[in-house]
Chemist: 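Below is a structure I'd like to ask you about.
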Amino acid sequence: MEMASASGARLRFAPPTGRATSSSRPRTTRSACVSPASQKTGFSRTGFGGDDRDARAFPRDSRIARLGIVARRRETREHRADAASVPSFEADESDERPVGVDDDATTSEVSSSISSIDAPPSSSRLLRALGVTDGVLGVKQDRVEMVMKQALPVMGGMASQNVLNLADSVMVGRLGTACVASVGIASTLNFQCQAALQGISSGVQAMSARRIGEGRSEVAAVPLNAALVACVCLGVPMALYFFHAAPTIVPRLTSDPDVIAAAVPYLRARLLAVPAVGVNFAFRGFWNATQQPQIYMNTLLVMHFVNVTLSLLLIFGFRGFDCSALFGGDAFFQNVFAVPSLGVVGAGVGTTVSVWVGTVLYLRMGFKRAATMGFARAKPTVSDLKILLGQAAPTSVTNLLFATGMTAMYWIVGKLGTAETAAVNVLINLMLTLVLPCMGMGLAAGALSGRALGRGDVEDAARWPWDVAKLTAAMMFGVGLVAVLLPKTLLGFFLTNPEAVAKATLPLRLTGITVAFDALSVTMQNALLGVGDAKKVAAISIGTQWFLFLPLAFIGVTRFPATFSLNWLWGLYVLQRVGQGFLYARIWQQGGWKDIKV
């Protein structure tokens with residue numbers, strides 16, 4: 001039978017073929033978002049209801065079909081009290097319990113693997129605590145809640161990542177200005193090595209979200225399987241090459257011998273985690289696509305704990321415990337569990353170990369939460385690899401050129417002096433602290449738009465980024481205000497050199513003023529990546545950086561050395577990012593992304 005939902009969409013429910021129906025016992029199901037074009041429920045292609053005539057429906061005696069029956073029966077028991085308020089259909093009175101399937105033991109498995117992830121969540125306690133009960137800036141309350149449910153775990157994870165970066169900066173900052181500059185240069189080179197692998201994340205998210213929107217959740221992890229193979233095959237050779245070349249690359253960016261001496265071993269320590277970084281980014285894209293971002297956040301929290309603990313011990317060392325009295329005064333036991341002070345290298349070792357810990361945790365959760373979606377079971381085809389690499393290539397190239405551009409910026413800033421280089425390192429970390437929460441919102445916009453496209457609802461897909469951009473800009477306005485009013489206070493935590501603090505004050509204020517516009521840029525960028533329009537994102541990112549910002553910065557430093565200060569350089573950088581936002585928004589408004597197939 002067919003039934004009209006509250007939004008006007010038509011819901012189709014078909015009883016199992018060849019079974020008698022009865023009205024004596026109503027069956028209920030959660031509301032599924034359906035596009036008018038498909039005229040099917042979101043579960044019709046997974047064997048969990050809908051049109052049994054669909055050629056892709058699972059056989060009734062298969063395990064997934066049995067799990068679906070169990071899940072529907074449990075929902076019936078839980079929601080029978082309010083059955084009149086949800087769509088219902090008539091089912092066979094004699095629907096038998098599938099042999100060998102336990103309701104309580106398997107319902108959680110079904111819910112975690114294949115669920116109605118597009119149904120609006122319940123009212124958020126956080127939003128109620130903030131007094132948000134009737135929407136924000138014209139965005140309806142249910143959409144606000146869906147965005148925050150998707151974005152908050154990712155934002156929390158990214159915010160914690162930036163807190164970790166700032167904690168590293170604080171610890172390294174105690175070692176002197178040269179050490180801060182060395183970490184900035186080495187981190188940029190490390191990012192350049194990782195950049196090509198990070199683009200795989202957007203490809204995994206776009207493909208997995210589209211599979212779920214199409215109702216093919218049983219193969220949603222196939223793009224992840226392909227991504228893991230690519231990360232290992234590409235990451236190991238790149239890490240080995242840069243590890244060997246580090247002593248020759250770093251001196252090209254700075255002539256300060258103290259900076260070079262600290263940057264080379266730190267960079268080598270970080271390069272040991274390059275393959276793991278690619279794997280972690282691939283998992284991030286998958287968890288976002290399957291609306292399980294809390295796994296990403298929880299894993300990051302463990303990684304941060306490991307990182308901060310190890311870095312603190314390895315940077316400053318630990319004298320150990322004097323246990324000689326227990327062993328007759330033997331001097332061998334005077335410093336039990338002592339840890340040597342490694343300085344800047346200790347920060348790199350701590351970060352590398354924490355990244356590999358995260359990889360192990362992601363793999364464990366993959367076997368636990370994504371096995372029913374084909375993780376490590378469904379072999380990716382050549383076509384899957386081609387589609388993934390086709391989606392990832394533009395983003396990977398963009399990230400690689402962006403990282404190379406950041407390296408070029410450090411080279412340009414190095415011509416101004418070591419104090420300016422240290423100031424830029426802190427400015428970038430603080431800017432990321434402001435901007436990366438915006439990326440969490442942008443990833444949510446991309447995932448929501450991708451799933452909407454998968455189920456054929458183009459209009460809903462088009463609205464998500466605009467709604468998310470409004471929420472993000474409102475949120476970041478207050479955060480940016482802190483940077484505008486208290487720049488020296490913030491900089492004082494990371495820089496001990498008064499000259500470096502003075503040089504970074506105005507650039508930090510410019511960052512705070514424009515962070516709301518940056519929110520538009522990051523949201524639209526990730527929305528375009530989420531629907532598979534990576535080529536246009538690459539063109540804008542590469543074009544504005546390499547043909548606008550870097551040439552002007554180089555001309556300013558070389559032709560006008562007496563007047564072109566860090567303030568001018570950072571002003572150009574901020575202007576470039578704001579311009580990107582307006583270009584991304586224009587591309588989204590034009591709507592060419594609607595016809596992209598992934």
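Since the structure is predicted, the reported quantities are computational estimates derived from the model, not experimental observations. Sequential numbering from 1 along the given sequence is applied to the chain's residues.
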Chemist: Tell me, do F243 and V274 make a side-chain contact under 4.5 Å, heavy atoms counted?
Modeler: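 Sidechains of V274 and F243: no contact.
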
Chemist: Report yes if some heavy atom in the side chain of P465 is under 4.5 Å from a heavy atom in the side chain of S449; otherwise report no.
Modeler: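 P465 vs S449: side chains touch.
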
Chemist: Treating T511 as the side-chain partner and P507 as the backbone partner, does any N or O pair qualify as donor plus acceptor under 3.5 Å?
Modeler: yes

Chemist: Rounded to the nearest 0.5 Å, what separates atom CG in L566 from atom OH in Y573?
Modeler: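 It is 12.5 Å, given to the nearest 0.5 Å.
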
Chemist: Side-chain contact, heavy-atom cut-off 4.5 Å: L175 with F316?
Modeler: yes

Chemist: Judged by atom type as modelled, is there a donor-acceptor pair below 3.5 Å linking the side chain of S208 to the main-chain atoms of A220?
Modeler: yes

Chemist: Are side-chain heavy atoms of I412 and L550 found at a separation under 4.5 Å?
Modeler: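 Side chain of I412 against side chain of L550, heavy atoms only: contact under 4.5 Å found.
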
Chemist: Do T563 and F560 come within less than 4.5 Å of each other through their side chains, counting heavy atoms only?
Modeler: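 Sidechains of F560 and T563: in contact.
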
Chemist: Minimum heavy-atom separation for Y266 to V345, with atom names?
Modeler: N-CG2, 4.4 Å

Chemist: Assess whether side-chain contact (heavy atoms from CB on, under 4.5 Å) is satisfied between L271 and L240, documenting all intermediate values.
Modeler: CA-CA 8 Å; L271 288 171; L240 292 175; over 6 Å; no

Chemist: Let me confirm one number: the CE-OG1 distance from M406 to T188, rounded to the nearest 0.5 Å.
Modeler: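 The OG1 atom of T188 is 5.5 Å from CE of M406, to the nearest 0.5 Å.
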
Chemist: Could you check whether any side-chain N or O of W356 sits under 3.5 Å from a backbone N or O of L272, counting only pairs where one atom can act as donor and the other as acceptor?
Modeler: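 Indeed, once roles are kept as given, a pair shorter than 3.5 Å links the two residues.
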
Chemist: Which heavy-atom pair separates Q192 from A403 by the least distance, and what is that distance?
Modeler: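 Closest heavy-atom pair between Q192 and A403: CA-CB, 3.3 Å.
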
Chemist: Say whether D384 and T381, considering side chains only, have a donor N or O and an acceptor N or O under 3.5 Å apart.
Modeler: yes

Chemist: Got a second to check how far F283's CZ is from M365's CE, nearest 0.5 Å?
Modeler: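 It comes to 10.0 Å.
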
Chemist: If you measure from CG on L189 to CD on Q194, what distance do you get to the nearest 0.5 Å?
Modeler: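 L189 atom CG to Q194 atom CD measures 11.0 Å (nearest 0.5 Å).
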
Chemist: Between L495 and A422, which heavy-atom pair has the shortest distance, and what is it?
Modeler: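 Between these two residues, the closest heavy atoms are CD2-O, 4.1 Å.
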
Chemist: Got T254 and I260 here, is their nearest side-chain heavy-atom distance under 4.5 Å?
Modeler: yes

Chemist: Please check this pair: side chain of N288 against backbone of R284, looking for a donor-acceptor N/O pair closer than 3.5 Å.
Modeler: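 Indeed, once roles are kept as given, a pair shorter than 3.5 Å links the two residues.
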
Chemist: Tell me the closest heavy-atom pair linking I200 and L388, and the distance in Å.
Modeler: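 Here I200 and L388 meet closest at O-CD1, 4.3 Å.
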
Chemist: Between the side chain of S354 and the main-chain N/O of T351, is any donor-acceptor distance below 3.5 Å?
Modeler: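 The answer is yes, because a donor-acceptor pair under 3.5 Å joins these two groups.
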
Chemist: Evaluate the criterion side-chain contact (heavy atoms from CB on, under 4.5 Å) for residue pair W411 and F554; output intermediate values, then yes/no.
Modeler: CA-CA 10 Å; W411 174 70; F554 178 75; 3.6 Å; yes

Chemist: Strictly distance-based, threshold 3.5 Å: is any side-chain N or O of R509 a donor or acceptor partner for the main-chain N or O of V484?
Modeler: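 Judged by distance alone, yes, a pair lies under 3.5 Å.
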
Chemist: Give the C-alpha distance, both sets of side-chain angles, the deciding distance and a yes or no for side-chain contact (heavy atoms from CB on, under 4.5 Å) between W287 and T299.
Modeler: CA-CA 11 Å; W287 299 132; T299 304; 5.9 Å; no

Chemist: Taking T352 for the side chain and A269 for the main chain, is one N or O donor matched with an acceptor at less than 3.5 Å?
Modeler: yes

Chemist: Tell me whether S521 contacts the main-chain N or O of F517 through its side chain, where contact means a donor paired with an acceptor under 3.5 Å.
Modeler: no

Chemist: Got a second to check how far F564's CZ is from L569's CG, nearest 0.5 Å?
Modeler: 5.0 Å

Chemist: ring-ring contact (aromatic ring centres under 6.0 Å, His included) between F367 and F375: does it pass, once the steps are laid out?
Modeler: CA-CA 7 Å; F367 285 109; F375 175 69; 5.1 Å; yes

Chemist: Grab the two heavy atoms, one from L197 and one from G278, that are nearest each other, plus how far apart they are.
Modeler: CB-CA, 3.9 Å

Chemist: Taking all atoms of both residues into account, what is the closest heavy-atom pair of T359 and A276, and its distance?
Modeler: OG1-CB, 3.2 Å

Chemist: Report yes if the side chains of R268 and F242 come closer than 4.5 Å at any heavy-atom pair, otherwise no.
Modeler: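 In short, these two side chains do not touch, never coming nearer than 4.5 Å.
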
Chemist: Is a donor on one side and an acceptor on the other found under 3.5 Å between the side chain of N497 and the backbone of T177?
Modeler: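 The answer is no, because no donor-acceptor pair under 3.5 Å joins these two groups.
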
Chemist: Is any side-chain heavy atom of L491 closer than 4.5 Å to a side-chain heavy atom of L430?
Modeler: yes

Chemist: For the CD atom of E420 and the CG atom of N567, what is their distance to the nearest 0.5 Å?
Modeler: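 So the CD of E420 and the CG of N567 are separated by 10.0 Å.
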
Chemist: Tell me whether Q545 contacts the main-chain N or O of F402 through its side chain, where contact means a donor paired with an acceptor under 3.5 Å.
Modeler: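 Confirmed, Q545 side chain pairs with F402 backbone.
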
Chemist: I would like to know whether L583 and T544 meet side-chain contact (heavy atoms from CB on, under 4.5 Å); could you show each step before the answer?
Modeler: CA-CA 10 Å; L583 291 175; T544 55; 4.2 Å; yes

Chemist: Will you find, in the side chains of N307 and S311, an N or O donor that is under 3.5 Å from an N or O acceptor?
Modeler: yes

